[in-house]
Amino acid sequence: MSCLVKTNYSHQLSSTAMAMCSSFCPQIPNQLRARPICPFPTKPLFTLSVKAFSSETSSASSKDGLSARIGFLGLGIMGSPMAQNLIKAGCDVTVWNRTKIKCDPLISLGAKYKSSPQEVAASCDVTFAMLANPESALEVACGEHGAASGMSSGKGYVDVSTVDGATSKLIGGRINATGASFLEAPVSGSKKPAVDGQLIFLTAGDKSLYELVAPLLDIMGKSRFYLGDVGNGAAMKLVVNMIMGSMMASFSEGLLLSEKVGLDPSVLVEVVSQGAISSPMYSTKGPSMIQSMYPTAFPLKHQQKDLRLALGLAESVSQPTPIAAAANELYKVAKSHGLSDQDFSAVIEALKAKLQNPPK
Ligand SMILES: NC(=O)C1=CN([C@@H]2O[C@H](COP(=O)(O)OP(=O)(O)OC[C@H]3O[C@@H](n4cnc5c(N)ncnc54)[C@H](OP(=O)(O)O)[C@@H]3O)[C@@H](O)[C@H]2O)C=CC1
Ligand SMILES: O=CCCC(=O)O
């Protein structure tokens, strides 16, 4: 396993100096290329070839990745800002989204558009996908006019959606069958880190593709982990989100209990924020939860999906996860109250809701 972390050294360099470093000094450590920028005209400098993936060329991978033609499929809460950061960094980006109108702001920023994942993959060297769930990730990669139909040897597919390992392996197998390379790279971090280029990538799969796209991951994120075989990135992401879902459910209980016993829940948030269980999640979401407001950063339906997938992962190795199982039930109740598209912090509403058929 390896991890690289973005630092702020770039603030000491002008953007031109950074661009020159990224383009001409591949020996400069990744940490010093914290914000790779490709300000030159976006025409591809070359067509990505099998050679570009070979380990001998990995030392020049930042140049290759930055000059690649990049496809981006799925422009929701996360995909949009991620693609936007690539465009703003000067990369050559082609977008597609099921609902076409979401492509328009990116097209205005300079992105190209293709009308199917197949066409995006066919016209790009590396294609990223950020989709809702296993079903949509499979559909976009392997369905009719899916990305796999546009893939061939020398290209790469990077799935950054949160899915289970089995789905990821299926997609990877289908991509590899075309001769192309596959990397799973789900992200930790939500809407704001996506906007700020501060995501954490949990990657697994083709190591050469990982090295090739590393400069692109560094534009969108603050750190990246390479975890080995396909499935490990998905598993790491599900474990992290299993913990997060349980934390949020427990926090919700605490907020409501504090209020019921006459305490000020805002003071609880403050107390929690100063102690050993402090978490940015509590201090950022707490104040709006107290006001019963749930502006969506991470949709509740996705959190429930991740708990469901994490429970499947636990089942596959007979690991007891009673806390996560209970939390999952709470998110299911919240969904049944129509809260799927609210932020996952709306799970607190499931604890407030009156039972529809209260026991006599
Ligand atoms: N939001 C967050 O904080 C985080 C989310 N994630 C994960 O990232 C992924 C995306 O999340 P997010 O951006 O929040 O989700 P959104 O719901 O905002 O976006 C989902 C995307 O998937 C597309 N999509 C859904 N179903 C289909 C389908 N059947 N065919 C084609 N496209 C489809 C949507 O297209 P359309 O616009 O047409 O609906 C949209 O582009 C999820 O796996 C989520 O778990 C990971 C980290 C953080
Ligand atoms: O999958 C969503 C994760 C959200 C977060 O890490 O804050």
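As the structure lists them, so they are numbered: ligands from 1, and atoms in each ligand from 1. Note that the structure is a prediction, hence the values are computed from the model and not measured.
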Check against side-chain contact (heavy atoms from CB on, under 4.5 Å), Met248 and Met289: CA-CA 11 Å; Met248 179 54 82; Met289 290 169 76; 3.6 Å; yes

Short N/O distance, under 3.5 Å, between [X] and ligand 1?
X	result
Gly189	no
Met130	no
Pro299	no
Lys237	no
His302	yes
Glu139	no
Leu75	yes
Trp96	no

Protein residue, atom and distance nearest to [atom], heavy-atom basis:
atom	answer
atom 37 (O) of ligand 1	Lys102 NZ, 2.6 Å
atom 31 (C) of ligand 1	Val140 CG2, 3.5 Å
atom 18 (O) of ligand 1	Ile77 N, 2.9 Å
atom 1 (N) of ligand 1	Ala297 O, 2.8 Å
atom 46 (C) of ligand 1	Thr162 OG1, 3.7 Å
atom 6 (O) of ligand 2	Gly189 N, 2.9 Å
atom 29 (N) of ligand 1	Arg98 NH1, 3.4 Å
atom 13 (O) of ligand 1	Met78 N, 2.9 Å
atom 38 (O) of ligand 1	Thr99 OG1, 2.4 Å
atom 7 (O) of ligand 2	Ser190 CB, 3.6 Å

Group every Ile, Leu, Val, Met, Phe, Trp and Tyr by side-chain heavy-atom contacts under 4.5 Å, then state whether [X] and [Y] land in the same group.
X	Y	result
Met244	Leu351	yes
Met281	Val347	yes
Ile77	Met293	no

Between ligand 1 and Gln303, can you find any atom pair, the residue atom being a heavy atom, that is separated by under 4.0 Å?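 Gln303 does not count as a contact of ligand 1 under the 4.0 Å cut-off.
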
Check for me whether Ala137 has a heavy atom closer than 4.0 Å to any atom of ligand 1. no

Are side-chain N/O atoms of Gln84 and Ser80 paired as donor and acceptor at under 3.5 Å?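 Distance-only check fails for Gln84 and Ser80.
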
Any chance the side chains of Ser123 and Lys112 put a donor and an acceptor closer than 3.5 Å? no

Counting only nitrogen or oxygen atoms and a 3.5 angstrom limit, does Phe298 reach ligand 2? no

Val158: which of Tyr210, Phe128, Phe201, Phe182 passes side-chain contact (heavy atoms from CB on, under 4.5 Å):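 The option that passes is Phe128.
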
Going by the side-chain contact (heavy atoms from CB on, under 4.5 Å) test, name the single residue among Phe251, Tyr294, Phe298 that passes it with Ser345.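 Among Phe251, Tyr294, Phe298, the one meeting side-chain contact (heavy atoms from CB on, under 4.5 Å) with Ser345 is Tyr294.
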
Do [X] side-chain atoms and [Y] backbone N/O form a donor-acceptor pair below 3.5 Å?
X	Y	result
Asp343	Ala297	yes
Gln303	Tyr331	no
Ser250	Met247	no

Should the proximity of [X] to ligand 1, defined as any heavy atom under 4.0 Å, be assigned to the side chain, the backbone, both, or neither?
X	result
Val163	neither
Glu135	neither
Leu131	both

Output the list of atoms in ligand 2 that are nearer than 4.0 Å to some heavy atom of Asn241, sorted by atom number. 1 (O), 2 (C), 3 (C)

Options [options], ranked by nearest heavy atom to [atom], top entry:
atom	options	value
atom 2 (C) of ligand 2	Lys237, Lys285, Lys192	Lys237
atom 42 (C) of ligand 1	Ser161, Ala132, Ser190	Ala132
atom 44 (C) of ligand 1	Lys301, Lys191, Lys305	Lys305

When you look at [atom1] of [X], are more than 12 heavy atoms from neighbouring residues, nucleotides or ligands closer to it than 6.0 Å?
X	atom1	value
Met236	CE	no
Lys305	NZ	yes
Ile323	CD1	no
Lys100	NZ	yes

Which atoms of ligand 1 sit under 4.0 Å from any heavy atom of Gly74?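 This gives 41 (O) as the contact atoms.
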
Report, in ascending order of atom number, the atoms of ligand 1 lying under 4.0 Å from any heavy atom of Asn97.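 Going through ligand 1 atom by atom, the ones under 4.0 Å from Asn97 are 35 (O), 36 (P), 37 (O), 38 (O), 40 (C), 41 (O).
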
Checking side-chain hydrogen bond (donor to acceptor under 3.5 Å, both in side chains) for the pair Lys155/Thr178: CA distance, chi angles, key distance, verdict? CA-CA 9 Å; Lys155 291 180 185 285; Thr178 70; over 6 Å; no

Side chains of His302 and Thr162: closer than 4.5 Å at any heavy-atom pair? no

Working for side-chain contact (heavy atoms from CB on, under 4.5 Å), residues Asp164 and Leu313: CA-CA 8 Å; Asp164 55 300; Leu313 179 67; over 6 Å; no

Which part of Met244 is near ligand 2, with near meaning a heavy atom under 4.0 Å away: side chain, backbone, both or neither?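 Within the 4.0 Å criterion, Met244 contacts ligand 2 through side-chain atoms alone.
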
